[in-house]
Amino acid sequence: MNLLRHVASRHARFVLSLGVLLGAFQFLICAAVSSVNVGGALETLVRSLPPLFQNLVASQLLGGFSPSGLIAFGWNHPVAHALGAAIAIVLATRAIAGAIELLLSQPLSRRSYFGGHVVFAVLSVVSVSALGILGTALGQRVFGMERFGIAALLRLAGNYAALQAAVYGITLLVSSFGREAGPVSSTGYLLVVLSYFAEAIGRIWSRAAWILPWTLHDYFRPQTILVDQGGILRPLAVLGAVALAGASLAWARFRTRDLP
Amino acid sequence: MVALEVSGLRKHYGSIRALEDVSFTVGRGEVFGYLGPNGAGKTTTLRILAGLVRADGGQALLLGRRAGDAAGRATVGYLPGDLALYGSMTGQALLDTFARFRPSRPPVLRARLLAALRLEARDLARRSKFLSHGTRQKLGLVIAMQHDPELLLLDEPTNGLDPLVQRAFRELILDRAAQGRAILFSSHVLSEVEAVCARVAVLGAGRVLALETIEALRARLVRRMQVRFRGAPPPDLARTPGVVACEIEGLEARLQIRGDVNPLLQRLARAEVDHLVFPEPELEDVFLGYFGPEGSRS
């Protein structure tokens with residue numbers, strides 16, 4: 001409990017700030033969608049683009065130019081991904097860095113230390129997802145848009161949290177082998193960027209479609225949830241499994257490794 | 001009564017032998033010096049004792065518990081050699097945070113430590129990243145000692161402290177030993193180990209080269225002296241009792257002396273000395289004492 005309190009005191013402000021930013025971003029997406037004919041403007045814009053770029057935009061707007069499709073696009077926007085990934089990567093990097101030598105010389109087992117950090121990370125990604133969803137719900141309400149059902153919003157929050165948990169699990173695994181925070185966080189960001197662009201390329205270029213199942217971002221499906229009202233059990237299972245495998249392997253390494 | 005028992009400790013990093021068959025004990029009420037040059041294996045030993053590094057062989061018992069036993073660390077204090085603190089936290093927050101990890105051991109010594117180490121309220125109010133190296137080291141010492149640990153593991157504790165604070169710190173250490181606390185004092189500075197320790201282990205290339213009382217260590221020390229004469233140096237200088245090496249260059253003699261220096265001083269008193277330098281012994285002099293001027297074990 002002391003450890004959780006310590007980790008929270010170090011990171012709560014950062015997590016909360018990014019969560020509020022995500023919420024504000026989603027709120028602004030609703031504002032834009034409701035006050036400007038974004039769909040019409042985008043359609044005109046897309047028609048003037050070369051075919052490859054038309055495909056690229058279409059890949060990001062699978063839900064079409066309807067308000068729901070544009071809100072789904074807001075959740076797939078690089079800003080939304082960057083905010084979530086920043087939290088996951090920073091928390092995973094800092095878990096095995098800094099004053100760890102002094103902290104683990106306290107009467108604190110490695111299990112408690114590791115467990116405390118993972119619990120806080122899970123709470124963080126869930127909180128940030130909730131704040132983002134709050135932004136969307138509030139935006140729809142304030143701007144008089146057709147509202148999504150609570151089940152859809154919960155599924156979206158779960159999917160977003162699972163994606164960030166997977167990023168956290170992978171970065172934590174890298175962190176468990178690293179000695180310095182810099183290279184670990186760089187690796188985390190690189191993996192996220194690669195996954196994001198690989199997914200985009202897989203969608204716009206049919207010959208690269210085989211890569212899609214190997215990217216994390218393919219399992220984040222706001223369009224499926226908000227536009228098609230579809231289920232996301234398999235994406236959730238895949239992302240959950242990645243998060244769990246990453247954290248488990250990180251623990252296997254961390255429990256026996258020399259520190260710092 | 002033994003507070004710390006280290007036997008046959010071994011640690012290799014690939015082909016590098018960081019520690020090989022290291023054994024020693026530290027009794028309650030004892031300040032034990034752990035002396036060696038950089039890279040000798042001092043920090044690795046202390047990290048094993050603190051449960052941070054896993055030994056490849058041997059064992060270490062701290063107050064009867066194996067190193068790495070988290071619960072056992074409640075009565076142990078540890079100061080890392082390479083101290084890292086949370087830069088965004090204030091000194092006060094750091095002290096409180098680390099105190100909370102030992103609810104059964106309140107920080108009874110904090111006020112006394114803050115006064116002795118001259119840590120002011122304004123230092124504690126600042127974020128640690130804005131503090132000087134010496135002030136951060138003082139914070140590390142308070143964190144390690146504030147709960148009055150039964151066993152204290154200190155890795156280069158005076159690193160960055162000014163001479164006045166070093167003296168106050170030595171007095172604190174001796175006082176804790178007088179109260180029955182066991183202290184492992186790692187250092188590469190001979191004079192500070194001499195000032196507080198009763199026994200010492202000399203570490204070199206991961207092995208314990210000597211395990212002696214400070215008196216025995218002093219007796220084996222090879223000290224250096226540099227003398228410039230007004231005339232030609234006395235021809236029998238090298239044969240003076242206690243002189244183990246003598247190198248003469250013009251009017252200057254460089255001497256190495258073991259044991260009693262009085263015969264040499266008496267011999268010099270009969271000569272016309274222009275200038276004499278007799279520095280405080282250093283770690284290098286300890287190694288000279290064990291391996292001799294030519295590097296062979298004496």
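A note on names: the letters A, B, ... follow the listed sequences, proteins ahead of strands, and every chain is numbered from 1.
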Where does the angle between the aromatic ring planes of [X] and [Y] fall among parallel (under 30°), tilted (30 to 60°) and perpendicular (over 60°)?
| X | Y | value |
| --- | --- | --- |
| Y160(A) | W75(A) | perpendicular |
| F254(A) | Y113(A) | parallel |
| Y34(B) | F32(B) | tilted |
| H81(A) | F220(A) | perpendicular |
| F120(A) | H11(A) | tilted |

With only heavy atoms counted, which part of [X] is less than 4.5 Å from chain A, the side chain, the backbone, both or neither?
| X | answer |
| --- | --- |
| R47(B) | side chain |
| T97(B) | side chain |
| L153(B) | neither |
| L49(B) | neither |

Notebook entry, point to check: What residue in A50(B), A71(B), A74(B) has the most heavy-atom pairs under 4.5 Å with chain A?
Noted result: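 Most heavy-atom pairs within the cutoff with chain A belong to A74(B).
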Checklist line | Residue, of P103(B), A144(B), A84(B), that accumulates the most heavy atom pairs under 4.5 Å with chain A | finding: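 The residue among P103(B), A144(B), A84(B) with the greatest pair count is A84(B).
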Note to self: Counting only non-hydrogen atoms closer than 4.5 Å, does R110(A) touch chain B with its backbone (N, CA, C, O), its side chain (CB onward), both, or neither?
What the structure shows: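 Side chain only.
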Item checked: Contact origin within S112(A) toward chain B - heavy atom pairs under 4.5 Å ->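 For S112(A), neither part sits under 4.5 Å from chain B.
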Item checked: Geometric cation-pi criterion R73(B) and Y78(B), 6.0 Å radius, 45° cone ->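 Geometry flag: not set, cation outside 6.0 Å or 45°.
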